[in-house]
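All values below were derived from every heavy atom in this structure, side-chain atoms included, with hydrogens, water molecules and symmetry-related copies excluded. To find a chain, count down the sequence lines: A is the first, B the second, and so on, and within it residues start at 1.
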Amino acid sequence: MRMSRLLVRTLREAPADAEVASHQLLVRAGYIRRLASGVYTFLPLGLRVLHRVEQVIREELDAVGCQELLMPALHPIELWEQSGRAAMFGSDALPAMTVEARGGTFVLGPTHEEVVTVTVSAEVESYRQMPLTVYQFQVKFRDEARPRFGLLRTRELIMADAYSFDVDKEAMQSSYQTVFDAYLRIFERLGLHVTPVEAESGAIGGDVNHEFMVPSAVGEDHFVSCASCGYAANVEAATRGVARVAAGGGGPTSAGPVVEHHTPGRPGITDVVAYFADQGATAADFLKSLAVFDADGRPTLVLVPGDREARLPSGWRLFEDADFDSNPSLVKGYIGPSGQQEHGIRVVADTGISRPGPWITGANRPDHHMTGAVLDRDFNVDAWGSFAEVVSGDACPHCGGAVELVRSVEAAHTFQLGHKYSEVMPGSTFVAADGGEATFSMGCYGMGVSRLLAVVAEEHHDERGLAWPPEVAPYQVHLAALGAGRSPEVGAAADQLYGQLIAAGVEVLYDDRDVSPGVKFADADLLGTPVRLVIGAKGLARGVVEWRSRATGEERELPMDGVVATLAGG
RNA sequence: CGGGACGUAGCGCAGCUUGGCAGCGCGCCUGCUUUGGGAGCAGGAGGUCGCGGGUUCAAAUCCCGCCGUCCCGACCA
């Protein structure tokens, strides 16, 4: 491609709305342009990178027997009503957009489990046709509450999504592992350091699932990582290695009686800690009590150590003001666990509070707290679990080593769905080996392709611009002719070399513009093509071309007649 | 959806406090000179000052409403 003809405009300054490096550089280098908040056009250079990323994914999925197809972006809303997920629209769990059209109401597809389930079940009738894994590259729509960071969080995104269909759970797990391994190879080829972590399944559902995390300073997620045993989990799903103290064991036996204290106007933990500070109390001596509804909608009290943030399981939600009115035993701001079971409130607790105490906690009376509360004497716990947020330095739940918190971007998410969709979508059955009817065991696998552009750019750039790994670069070679306007020899040599490289199958971007050398160098650095070739009058007189690596800065001179062989071979 | 900031030429910004010719840098066009790390000189084009209303002789500037954009939070591939 001749740069004089390429639809690209480089910017010396980034737009004010670009915050992170990948966003600034992709815009400055002319790869993308914003159309609306969270909605971007891919200009020719950006589209080439997108296609390169897709090709890597395509090759690795095809290599393990997956088949590409393309499903509609527009879904009849009836499909979503059948799966029950239409009820999640408008909620935070599954922000979706709908379109009223002549044919009825359609959903701008946020994900494709419903469509793929009815599509495949219409074609597959026998266990003999499985295992089967299909995938597509398709635009997904999310009614994103807050688009940000350029391509990292958008309202319209390009995703590679795969779906496996198997005869039973064991076969599904095998298919899952196959795609999982292919994903690892994809990230390897993209030059990304990825860590698969245990995760929450969210709106997609299912049992086992993993997120593929790329550590990054601009990440919006954190995962917990144990260096000694390899345990890795999203903080949303991570647990702490805190053993429950056996009943009656450890702790003070000299605990005194429970004493109530008048603590007006101190509903928050920090306020109360300050009140009791003169008695030597710290936040760790408090029970933090949260009134919630569990996933089944039962009123529940969650207890965590006062120095910890609570982390609720998915599907649980905090009380709102009206909920306190209907549960008078829980006094907002002064909640305590004592006697709650008598009022039909279930009490669950983080293992971090399993020592007897004494504890300081709310007295279930307005403006009152109590000291000296002892576990199993003054309050009871119905179930133990991990309800506190994990922080760096906590014990690993598997080996007890210290875990570390890593900031990261979620690049992909894989799920073992089992029967979640096949048992609710009509007709999703096949004839099993025994002649009976059976339900598909499914898996689904999503990778944000447009997001990956940003992730790769985040990991591969410097202060001068982008530096693409060869696997995803829009062009392999950036050929710059210096001073061709005043030296016909340079122009002719560059034209000839350009033609030879194309003939040899090398993807080359040829800067044939009549601009100063400084501009050409600066643009070459900004665009980030892996190899830069420079032809100038000085080198040409000696029969050499300058070769330079964008990533390493390494430079050498190549004899003019050996350039094509060197680049085509490498 | 809560909190904050911003909106003036393609991009970056000044002007607003104290109402009075719409500006600067980069980019773009023409010509000449220049040419190894974002050249120089000369000339030129380009604006619904986000939108609507109000105050005023007069509004980019003051007031009200709306829209948009970004940041923090909540939520998510």
Checklist entry - In terms of side-chain geometry, is the basic nitrogen of Asp17(A) or Arg34(A) positioned less than 4.0 Å from the acidic oxygen of its partner? => result yes

Shorter than 3.5 Å, N or O on both sides, protein versus nucleotides 40-45 of chain B: list them out with atom names.
none

Counting only side-chain N and O atoms of [X], is one of them less than 4.0 Å from OP1 or OP2 of [N]?
| X | N | answer |
| --- | --- | --- |
| Ser37(A) | C70(B) | yes |
| Arg28(A) | G12(B) | no |
| Arg148(A) | C72(B) | yes |

Checklist entry - Any sub-3.5 Å donor-acceptor pair from Arg311(A)'s side-chain atoms to Phe387(A)'s backbone N or O? => result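 Answer holds: no.
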
Checklist entry - Does Ala199(A) offer a backbone N or O that forms a donor-acceptor pair with the side chain of Asn209(A) under 3.5 Å? => result yes

What does [N] pair with, Watson-Crick or G-U, if both distances are under 3.5 Å?
| N | answer |
| --- | --- |
| C32(B) | G40(B) |
| G73(B) | C1(B) |
| C11(B) | G25(B) |
| U18(B) | none |

Checklist entry - side chain to side chain contact (heavy atoms under 4.5 Å, CB included) with Glu156(A): which residues, sequence neighbours excluded? => result Val39(A), Val139(A), Phe141(A)

Checklist entry - Which pairs pass ring pair (Phe, Tyr, Trp, His ring centres under 6.0 Å) with one or both residues in residues 20-39 of chain A, sequence neighbours excluded? => result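 For residues 20-39 of chain A, and leaving out neighbouring residues, the ring pair (Phe, Tyr, Trp, His ring centres under 6.0 Å) pairs sorted by first residue read His23(A)-Tyr40(A), Tyr31(A)-Trp468(A).
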
Next on the checklist: Among residues at least two apart in sequence or on other chains, which ones pass ring-ring contact (aromatic ring centres under 6.0 Å, His included) with Phe293(A)?
Outcome noted: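 If we apply the ring-ring contact (aromatic ring centres under 6.0 Å, His included) test to Phe293(A), skipping adjacent residues, the hits are Phe319(A).
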
Checklist entry - Considering only side-chain heavy atoms of Lys538(A), which listed nucleotide, A74(B), G36(B), C71(B), is closest? => result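 The listed nucleotide nearest to Lys538(A)'s side chain is G36(B).
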
Item to check | Of the listed nucleotides G27(B), C11(B), C75(B), the one nearest the side chain of Arg12(A) | outcome: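 The listed nucleotide nearest to Arg12(A)'s side chain is G27(B).
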
N/O contacts under 3.5 Å, protein versus nucleotides 3-5 of chain B?
none

Go through the structure and list residues passing salt bridge (charged side-chain N to carboxylate O under 4.0 Å, His left out) with [X], not counting sequence neighbours.
| X | result |
| --- | --- |
| Arg2(A) | Asp495(A), Asp512(A) |
| Asp221(A) | none |
| Arg58(A) | Glu68(A) |
| Glu555(A) | Arg548(A) |

Checklist entry - To the nearest Å, how far apart are Leu43(A) CG and C11(B) P? => result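 The answer, rounded to whole Å, is 14 Å.
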
Item to check | Within residues 516-529 of chain A, residues whose heavy atoms come under 4.0 Å of RNA chain B | outcome: Ser516(A), Pro517(A), Gly518(A), Val519(A), Phe521(A), Ala522(A), Asp523(A), Asp525(A)

Checklist entry - Which pairs with one or both residues in residues 528-546 of chain A pass side-chain hydrogen bond (donor to acceptor under 3.5 Å, both in side chains), sequence neighbours excluded? => result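 Every side-chain hydrogen bond (donor to acceptor under 3.5 Å, both in side chains) pair that includes a residue of residues 528-546 of chain A, provided the two are not neighbours, is Arg542(A)-Glu557(A).
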
Sub-3.5 Å pairs of nitrogen or oxygen atoms, protein against nucleotides 28-32 of chain B:
none

